[in-house]
K.L.:
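Please see the structure below; I have some questions.
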2 protein chains.
Amino acid sequence: MGQDVDLARSVADDTLGRLAADRDLLGRSGTAQRVAEVLRDRIAEGALPPGTRLSEQALGAALGVSRNTLREAFRSLVDGRLVVHEMNRGVFVRMLDPDDVTDIYAVRRALEDTGLRAAATADPERLAALHTAVAGGEAAADAGDWPEVGTADLRFHRALVALAGSPRLDEYMTRLIAELRLAFLAMPSARALHEPFLRRNRRIVDLLAAGDTPGAALVLERYLDDACEMICTAMRMDGA
Amino acid sequence: MGQDVDLARSVADDTLGRLAADRDLLGRSGTAQRVAEVLRDRIAEGALPPGTRLSEQALGAALGVSRNTLREAFRSLVDGRLVVHEMNRGVFVRMLDPDDVTDIYAVRRALEDTGLRAAATADPERLAALHTAVAGGEAAADAGDWPEVGTADLRFHRALVALAGSPRLDEYMTRLIAELRLAFLAMPSARALHEPFLRRNRRIVDLLAAGDTPGAALVLERYLDDACEMICTAMRMDGA
DNA sequence: GCTAAGCTATTGTTGAACAATCCCACAAGA
DNA sequence: TCTTGTGGGATTGTTCAACAATAGCTTAGC
């Protein structure tokens, strides 16, 4: 090839940088990590309900991986609180109790408040993501797709945290939401769970757009209180 | 043993409850988890400096565990960000850059602010822990034990987060501190790192005791800004 | 009905094996 | 001189088979 030009000098300065950023997106993951992701998905969608025992032999055979690899995947799930490991008994899909839910919502309050307080100085692109998520939730509600309303709701609140611009806060919120989905599974109706909160999300973005951060914080506070109580009472009824 | 009395009725009501809470502290852990804890300690104290490669064979032989068990332990460390896993290359003790430190301090701000805001309604026992930690730091400074000043400082700020009364927030703060220790290792002098902040911690508890939460928040804010910048500049000098 | 002993299935952990990959040194070519 | 193949060696990724330890069930005995 006669075109022996220097790549590093021939392209725009940040091209190589962007390529480097894409490096970790490319394959390069390893079986254990992929197994962990599969199990995370199955747990989130309820295919592996809370309390389910994750037999090493059965799961290993089903996924076509060895027990050792599976056990590596389990470690990640344990750290994400999606699964509990009882010594010499195995791992089980986590069962949340009302105390867990209350604590999860306490953390949500801390995280989402942080995002809210950063709204004034936040990247406009991130503020736009809020609108997109709310609009998506409303569209899904119109279509009657209540599970999608649920994920749009969570996307909105994740976008709220993202206003802070902190990768670690983002990641923690993601993990928290994965855990929270365990509680959602206990709810009988996705519609009853998510419909009442559509309007509040809309109100939060509107108040934010109007520059009324304290007002938005107030609505958010009530949102979280009510959602927490709704789930907790449902769990108590289910448990009794 | 003739004393066949019913244990559950012979002791104060919450004794068994407390014992149950201690259950997970003793034994019952498994080799992989213990290995992970050992490695966490060694990394925190700098025996395994950032950038060190954690060879499976060498570490396995040194600790007397198999490669499989070691790899399980590595998963936990990866999730805790103490270590990075590069596919087909192995795991290395994490090297933080200034962006990481800045983000860690952003999260600290969110978490410790949350604790601070809960101070008014917090458990008195938890408020007492604040005083204990500050006093411990001052005593260590008088004794010239600067590493101990550092751990007392972190204990104080963990106690600050604990005011919120959230187990998940506590755990996250613990993990964050473990990560932050990686940055502390880059500092040449433990004294230079911790001494300037002793007075501020004292001031925070005093303001809190006086009921001046906003004042305490302001001091905390400056504390975190200054500490972050101090570490970041040190890292930049070290890297250049 | 309750306790105790024994059986069975599962987990905890190890060691060995093999393929895949990376790193390094070295040679060949522009 | 700088870049580009090319082995070779070491390390990781993953599996498999084995054995000890444990939990839970079953059965026998009272």
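Atoms considered below: every heavy atom in the structure, side chains included; atoms not considered: hydrogens, waters and symmetry mates. Throughout, a chain's letter reflects where its sequence line sits, starting with A, and its residues are numbered from 1. Because the structure is a prediction, the values reported are computed rather than measured.
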K.L.:
Where along residues 66-78 of chain B does a heavy atom come under 4.0 Å from DNA chain C, residue by residue in number order?
P.N.:
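Those residues whose heavy atoms fall under 4.0 Å from DNA chain C, taken from residues 66-78 of chain B in numerical order, are B:Ser66, B:Arg67, B:Asn68, B:Thr69.
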
K.L.:
Just grab all the ring-ring contact (aromatic ring centres under 6.0 Å, His included) pairs involving residues 166-185 of chain B, residues at least two apart or on different chains.
P.N.:
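Residue pairs passing ring-ring contact (aromatic ring centres under 6.0 Å, His included), neighbours aside: A:Tyr172-B:Tyr172, B:Phe184-B:His194.
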
K.L.:
Run the salt-bridge test on A:Arg94 and A:Asp100 with the 4.0 Å N-O cut-off and return the result as yes or no.
P.N.:
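Salt bridge flag = yes for A:Asp100 with A:Arg94.
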
K.L.:
On DNA chain D, does the nearest nucleotide to A:Arg89 precede the nearest nucleotide to A:Val65 from the 5' side, or the other way round? Give the residue.
P.N.:
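Checking each residue's closest nucleotide, the 5'-ward one belongs to A:Val65.
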
K.L.:
Please, which pairs that meet ring-ring contact (aromatic ring centres under 6.0 Å, His included) have at least one residue in residues 73-99 of chain A, sequence neighbours excluded?
P.N.:
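Every candidate ring-ring contact (aromatic ring centres under 6.0 Å, His included) pair involving residues 73-99 of chain A fails, so no pair, neighbours aside, qualifies.
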
K.L.:
Please collect all side chain to side chain donor-acceptor pair (under 3.5 Å) contacts where either partner lies in residues 46-55 of chain A, sequence neighbours excluded, each pair once.
P.N.:
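Passing the test, one end in residues 46-55 of chain A: no pairs.
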
K.L.:
Measure from NE2 on B:His85 to C1' on C:dT21 and round the result to the nearest Å.
P.N.:
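Distance, rounded to whole Å: 12 Å.
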
K.L.:
Whole Å only: how far is the CD atom of B:Glu86 from the P atom of D:dG13?
P.N.:
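The distance from CD of B:Glu86 to P of D:dG13 comes to 11 Å, rounded to the nearest Å.
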
K.L.:
Which residues satisfy the side-chain hydrogen bond (donor to acceptor under 3.5 Å, both in side chains) test with B:Asp103, sequence neighbours excluded?
P.N.:
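Testing B:Asp103 for side-chain hydrogen bond (donor to acceptor under 3.5 Å, both in side chains), a comparison that skips the adjacent residues, returns A:Ser166, A:Arg168.
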
K.L.:
Between A:Arg67 and A:Glu72, does at least one N-O distance fall below 4.0 Å, as a salt bridge requires?
P.N.:
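Not counted as a salt bridge, because no side-chain N and carboxylate O are separated by less than 4.0 Å.
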
K.L.:
Short of 4.0 Å, heavy atom to strand atom, which residues of residues 53-61 of chain B count as contacting DNA chain C?
P.N.:
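Nothing qualifies; none.
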
K.L.:
Take atom CE of A:Met87 and atom P of C:dT10, then tell me their distance rounded to the nearest Å.
P.N.:
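Spelled out: CE on A:Met87 to P on C:dT10 is 18 Å.
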
K.L.:
Which heavy-atom pair separates B:Ile104 from B:Leu180 by the least distance, and what is that distance?
P.N.:
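Heavy atoms only, the tightest pair is CG2-CD1, 4.0 Å.
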
K.L.:
Could you tell me how far apart B:Asn88 (CG) and C:dT21 (C1') are, to the nearest whole angstrom?
P.N.:
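Those two atoms, CG and C1', are 4 Å apart.
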
K.L.:
Would you mind checking if B:Asp79 and B:Arg175 are paired as a salt bridge, meaning a charged N to carboxylate O distance below 4.0 Å?
P.N.:
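Judged by the 4.0 Å cut-off on N to carboxylate O distance, B:Arg175 and B:Asp79 do not form a salt bridge.
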
